Amino acid sequence: MGLGGCIILIAVGAVLTFATDWKMDTVNVDLVGWIMMIVGVIGVFVYASIARRRRLVVPPSTTVVSEDERRGL
């Protein structure tokens, strides 16, 4: 799941929790919203840690010229 999916989970969970007043006998909609928000936040942290590890620091390459190459031998 990418960063966009995590943000969508957080947004849908917030809508279910705070913006609806649906009452169902079998499903607690508020609890489902809270769970979706928590999973979305965990996903953001996991995505950020993976993205941080993917960044590689490559030192600048320097060309090593020997004395023979410099003199043209």
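The chain is numbered in sequence order, starting from 1. Note that the coordinates shown come from a computational prediction; the quantities given were computed from them, not determined experimentally. As a basis for the values below, the full set of heavy atoms in this structure was taken, side chains included, without hydrogen atoms, waters or symmetry mates.
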**Message:** Who clusters with V15? Use side-chain heavy atoms, under 4.5 angstrom, across I, L, V, M, F, W and Y, and order the result by chain and number.
**Reply:** none

**Asked** Quick one: ring pair (Phe, Tyr, Trp, His ring centres under 6.0 Å) partners of F18, sequence neighbours excluded?
**Response** W34

**Message:** Do M37 and V27 sit in one hydrophobic cluster, given that two such residues count as connected whenever their side-chain heavy atoms are within less than 4.5 Å of each other, even indirectly?
**Reply:** no

**Complete:** Applying side-chain contact (heavy atoms from CB on, under 4.5 Å) to N28 and not counting sequence neighbours gives D30, L31

**Asked** Can you name the residues that form a side-chain contact (heavy atoms from CB on, under 4.5 Å) with I42, not counting sequence neighbours?
**Response** I38, V46

**Fill in**
side-chain contact (heavy atoms from CB on, under 4.5 Å) filter on V29, not counting sequence neighbours, yields L16, T20, W22, M24

**Request:** With sequence neighbours excluded, tell me which residues meet side-chain contact (heavy atoms from CB on, under 4.5 Å) with I10.
**Result:** V41, V44

**Asked** If you look at every heavy atom in C6 and G40, which pair is closest and at what distance?
**Response** CB-O, 3.6 Å

